[in-house]
Amino acid sequence: MFAAGLAILAFASCEPEEKRFVPDVSEITAEVDIRRFEQDLFRLDTANMAEELDSLQAKYPEFSEVYFNQLLGANDPRIAPQGPAAYVLGFINHPPVRQLYDSIQQHYPQMEALEQDFEQTFKYFRYYFPEEPMPTVTTFLSEYA
């Protein structure tokens, strides 16, 4: 549903400006929740990796399913024969991945500017889809996406 909302907004922006209807969303409130999955992942206590992964998956139940199973393949014994804890430990300690994480943290230590952009976008989402639940934004990193 969110993708449909973004598609509507994209198509609406193709109209000439004088014909374009832009709804007034100034009175609409839209709370933005940006969850920093990559920070939580890289802050895991690596001495207790299995337990830490369980906690992370409990905090991000829907997202961790996609991230660990579909993006990383950490639960696939063909990809991670030593198990998910060892595989994820190797992933977060892999030098290119660690460098990517460090670069992301330097460029995006805080998300205030992005939160403002998302807030405006979510106001339009709320305008067009008032009954839909507000989306949640989850940040992550992957070499494979």
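Hydrogens, waters and symmetry mates are skipped; everything else that's a heavy atom, side chains included, is used.
Listed by chain and number, the residues in a side chain to side chain contact (heavy atoms under 4.5 Å, CB included) with A85 are M49, A50, L53 (sequence neighbours excluded). With sequence neighbours left out, the side chain to side chain contact (heavy atoms under 4.5 Å, CB included) criterion links L100 to I104, L141. T29 is linked by a side-chain hydrogen bond (donor to acceptor under 3.5 Å, both in side chains) to nothing, counting only residues two or more places apart in sequence or in another chain. By the side-chain hydrogen bond (donor to acceptor under 3.5 Å, both in side chains) test, T136 pairs with no residue at all, sequence neighbours left out. Legend: residues meeting side chain to side chain contact (heavy atoms under 4.5 Å, CB included) with D24, ordered by chain and number and at least two apart, are S26. Annotation: salt bridge (Lys or Arg N to Asp or Glu O under 4.0 Å) contacts of E38 (sequence neighbours excluded): R36. With sequence neighbours excluded, no residue satisfies side-chain hydrogen bond (donor to acceptor under 3.5 Å, both in side chains) with R43. The salt bridge (Lys or Arg N to Asp or Glu O under 4.0 Å) test applied to D40 returns K59, not counting sequence neighbours.
When all heavy atoms of V25 and K123 are compared, the closest pair comes out as O-CD, 3.5 Å. Looking at every heavy atom in both residues, G73 comes nearest to A80 through O-CB, 4.1 Å. When every heavy atom of F125 is checked against every heavy atom of P135, the shortest pair comes out as CE2-CD, 3.6 Å.
To the nearest 0.5 Å, atom CZ of residue F91 and atom OG of residue S142 are 5.5 Å apart. If you take CZ on F63 and OG1 on T138, they are separated by 6.0 Å, rounding to the nearest 0.5 Å. Remark: Q110 CD to I34 CD1 distance equals 10.5 Å, nearest 0.5 Å.
Note on residues 88-105: no pairs pass salt bridge (Lys or Arg N to Asp or Glu O under 4.0 Å), not counting sequence neighbours. A ring pair (Phe, Tyr, Trp, His ring centres under 6.0 Å) check over residues 94-113, counting only residues at least two apart or in different chains, returns the pairs F42-Y101. Residue pairs meeting the side-chain hydrogen bond (donor to acceptor under 3.5 Å, both in side chains) criterion with at least one member in residues 64-81, sequence neighbours excluded, are E65-N69, N69-N75, D76-R78.
Y127 places no side-chain N or O within donor-acceptor distance of the main-chain N or O of F122, the cut-off being under 3.5 Å.
Put simply, the side chain of Y60 reaches to within 4.5 Å of the side chain of L56, judged on heavy atoms. Within the 4.5 Å cutoff, the side chain of E31 has no heavy atoms near those of the M134 side chain. Under the 4.5 Å side-chain criterion, counting only non-hydrogen atoms from C-beta, L41 is in contact with I92.
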Sequence neighbours excluded and cut-off under 3.5 Å, please list the side-chain donor-acceptor pairs for residues 111-120, or say none.
none

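No continuous path of hydrophobic side-chain contacts links V66 to V137 [ILVMFWY only; heavy atoms under 4.5 Å].
Residues F68 and Y87 keep their aromatic ring centres 6.0 Å or farther apart.
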